[in-house]
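This report refers to the structure that appears directly beneath it.
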Amino acid sequence: MIPALKSDSSVDPVVITGLGLVTAAGSGAAAFWRAFQRKESHLGRLRQIDAAGLSVGRGGEVPDELLEPVWLDMPGRDAGDGGDRALRLAALAAREALDDAGLLAPRREVRIGLALGTALGAVQTLERLAAGRAPESAWRAVSPDQLSSAVAERFGLAGPRWTFSVTCVSGLYALEQAAVDLERGRAGAMLVGGLDTLSRFMQSGFCALKALSPSGQLRPFDLEHDGILLGEGAAFILLETASRARERGARSYGAVLENRLISDAAHLTSPDGSGKGMAEAIRQALAGAGISPGEIGCITPTATGSPIYDRMQSRAALEALGARGAQVPATTWEPAVGHLLAGTGIAGAVHAALVLDRGAILPSFGVESKDPECRLRYVLDGEEPFRGRSVLALTVGFGGQNGATLIGLPPPASGPARAPEKAPSPPQAAIAAAAAAGRYIPSGDGAAKAAELFSPARPEFSTDPESLAALFPGRWNPRRELPPGLGPLVQTVASALQAAGWWEPGQPDPVPGGLALGTDWQGLAAALPYARDLARSGPAGASPSGFLFSLPSSAAAVLGILFGLRDYQATITGGALSGFQALSHAIDRLAGGKASRLVAGALTIATPELRPFLEAGGVAAPGEEAGTLELAAAACLEPGGGDGACRAALVEGRDRPLDPAGGAVEDAPELERLPAGFRRLAAPALFSLFSALEHGKMPCLWSPRDPAQGARPRGLSIQVTGTFLKKTSSIN
Amino acid sequence: MPLTDELRAQIKEMLVRRLRLKVDPAAIADDQPLFGDGLGLDSIDVLEVVAGLEKEFGAAIKTQEEGERILRSVNAIAAYLVEKGSPRKA
């Protein structure tokens, strides 16, 4: 792993200039702080959702009156026009953050982008559709990217637009991209948010996973801690570069000093109890920010109230911070409002900003007798003053997702007080080395070189459970089927990794590197049957794996486990452009020195059950016979390439994914038999780009704003299986 | 509810269906361990079976740990259901 490059003291830090937070405690960061200060728990019996049959019927709901559609000027009913609770929640918190930053009124001089994280998006609309209680037009709203589009439209946000879905760390992945967009000047400000609503869907899934507190009490770090209580909420922050904030006289709450994400990649639900992955994330964050453990003034673990997470974060902090780990005051706000799912990471940033702003650390509550295995210095009695430079916020998510975020006092105008760690191998050096070794692709004879590099390796293995267990020793249960539709993705990624020389079948060692996966609606293929079953039979006996595979991040989680790709696991659910966005996101990370190896890919699934959704989105024409289609594309990327003579450009924001000169999308003969609507989707579109590379039409990938910082694909493959339109063709 | 072969057969059928096992239900021995080298179930399987017991036998198991204790073998599950007097639902 190459350490961060934001180290250079000339780099303009990214600061927080607006806060928005809507929780069970009410609307506004001040209401949240007040509830925490008064030790008010806003967790109680669920009212807004039907709790019948749920084994745990308690949580933290946002008061309905705050989400009145009329008040939000979003008078819709069910579809993407304001009706879904997730959208109203997002709109309310987004408005707060924009207003707080003084950017609510449209200002032409500031181009604002949006990066959003959500685990399940407009899930209440999906529930109503599954129960036959919503019009067909509502299908459009259930794709998570529609949530971002609606918020952007509501507030006139014209900058880049991203939607990430990585369980409870979703918001922190959005934060990663937002910081890059600001650094590269793609936006003058970025609105970054995380949110999820409570729903029968979510609550029943957590009940099925036995993750919720049977006693109905959220007691983090207590000997009696027995599980999570969920709260709904949306947390937003407005980010700008420090220089721009100064220019317009905006108040800065603090700087995002670092944000590191690592996955344990060991299990579909459980974290690695040793806390190794989280400890690594903390160490990397400190190194990247160039601050010492002594400068951390407060730690905020994600206090789910679940023993394994409470203890794991304590171990991780002690391991990464040494003796200082046991001295830093630690607190948690979750007993006041519950575990905010994808809202957690950004809510942690909002809380950190408030700690810095008010100079105070509030005591956590709900602890009567501390679990001896939770060994941090939890603040439990009275308020303590904040001393130090930075708050370390820890965020955990299903499947061992770890986030370590440092929010600190804004550095003085001249730059950080102390120069952070220098990268030993910055991208420029890597590019030079690659060129010297003759490994980069020159623009002249791209075709020959590309043919050499991109010979598509056809999958030579089956993806039945026994074969997977043999291919991935010790990583896959020989009895567990892959989630629906993931076979082609696993084979495609395997082929790409093999072609790149990063992985061999049967290899016991994990593949160093991470993932950026784009998917239009992969989770929906599992979520819809789960929602239908829930509507029909109620929550008792709901399938825990059915719920898990409903999460859009489940595909990346499976790849992470199989190949041991754990450095980073982004899932982008940006609709049809999500494949390009995943590739762009990966290139940004490589170019920024935050990763040394990434797999970028895309997955598109269509089943007959998804038909109404596809028709509402204009992907499939009504009346066409429906079959099943599973498409995947993947490429292995590492820093390199970058040649000013490249003919095609890649990805800036969402509106111009390809340079028309590249002409790639229609140039892939393998896709000709796909229905026209499908050629534009995540996997086919990304494949057509790869195909153009393979055929030498596009010798390399580069970012048009910064041709020196490219990323070079080393191996890639594509697989098309199944048929969607049996009437017109079969695709094999 | 008596501890009968019929109850054991119902449990085996539920296991095979719910976990999509590629075995004949009758081939699962009454005492065969369900975890480790036996049927090789993992922690998500445990939850899946707990959900199956709840839905089909009306047996509410509160925590994953409790599930792991009860789900040692078909016989152990059957004994638990008999003790709880859980009727088969459907």
Side-chain angles (χ1 to χ4, degrees), chain A residues 53-56 204-216 225-228 266-271 273 306-308 398-399 464-467 469 474-484 530 533-534 536-549 554 557-558 561, chain B residues 10-25 27-29 32-71 73-74 77 80-81 84 86-90:
Chain A
L54 293 166
S55 56
V56 178
S204 66
F206 273 76
C207 285
L209 289 165
K210 302 292 173 196
L212 298 182
S213 159
S215 67
H225 48 178
D226 61 357
I228 305 171
H267 192 270
L268 282 170
T269 54
S270 303
S306 142
I308 188 167
F398 257 155
D464 65 61
E466 295 85 0
S467 308
R475 297 185 168 275
W476 196 251
N477 180 339
R479 287 203 28 276
R480 179 163 301 288
E481 302 270 357
L482 278 178
Y530 182 89
D533 197 43
L534 187 62
R536 207 173 31 238
S537 319
S543 162
S545 46
F547 172 72
L548 276 178
F549 296 147
S554 56
V558 167
I561 290 171
Chain B
Q10 286 170 350
I11 294 167
K12 289 174 190 174
E13 187 274 327
M14 184 272 286
L15 288 172
V16 167
R17 178 168 36 79
R18 195 100 191 175
L19 300 173
R20 297 196 284 176
L21 298 177
K22 287 177 182 156
V23 295
D24 178 356
I28 301 174
Q32 185 175 350
L34 301 182
F35 300 98
D37 293 335
L39 267 188
L41 303 195
D42 65 17
S43 60
I44 295 175
D45 293 325
V46 171
L47 296 169
E48 203 64 66
V49 175
V50 164
L53 289 174
E54 190 171 348
K55 191 165 191 162
E56 298 176 32
F57 296 87
I61 295 169
K62 289 224 157 44
T63 64
Q64 186 170 332
E65 293 70 33
E66 194 185 343
E68 283 168 13
R69 229 176 18 250
I70 294 161
L71 271 55
S73 65
V74 170
I77 298 173
Y80 171 78
L81 292 177
K84 291 277 169 187
S86 301
R88 185 169 170 86
K89 274 185 170 173

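Just so we're on the same page: letters track the sequence lines, and every chain starts at 1. Remember, predicted model here, so these are calculated numbers, not experimental data.
For the side-chain hydrogen bond (donor to acceptor under 3.5 Å, both in side chains) test, residues two or more places apart in sequence or in another chain that qualify with T269(A) are H267(A). For K210(A), there are no side-chain hydrogen bond (donor to acceptor under 3.5 Å, both in side chains) partners, not counting sequence neighbours.
Of the two parts of V50(B), only the side chain, counted from C-beta on, holds a non-hydrogen atom closer than 4.5 Å to a non-hydrogen atom of chain A. In this structure, the portion of L548(A) lying under 4.5 Å from any heavy atom of chain B is its side chain and not its backbone. For chain B, the nearby part of P214(A) is the side chain; its heavy atoms alone come within less than 4.5 Å. Proximity to chain A is absent for every atom of L53(B), based on heavy atoms less than 4.5 angstrom apart.
Contact check on K62(B) versus D226(A) returns no salt bridge, with no Lys/Arg side-chain nitrogen under 4.0 Å from an Asp/Glu carboxylate oxygen.
S545(A) OG to L19(B) CG: the interatomic distance, rounded to the nearest 0.5 Å, is 8.5 Å.
Across all their heavy atoms, A542(A) and A51(B) have their closest contact at O-CB, 3.4 Å.
The closest donor-acceptor contact from the side chain of E48(B) to the backbone of S543(A) lies at 3.5 Å or more, if one exists at all.
Looking at N477(A) and D45(B), their side chains come closer than 4.5 Å, going by heavy atoms from C-beta outward.
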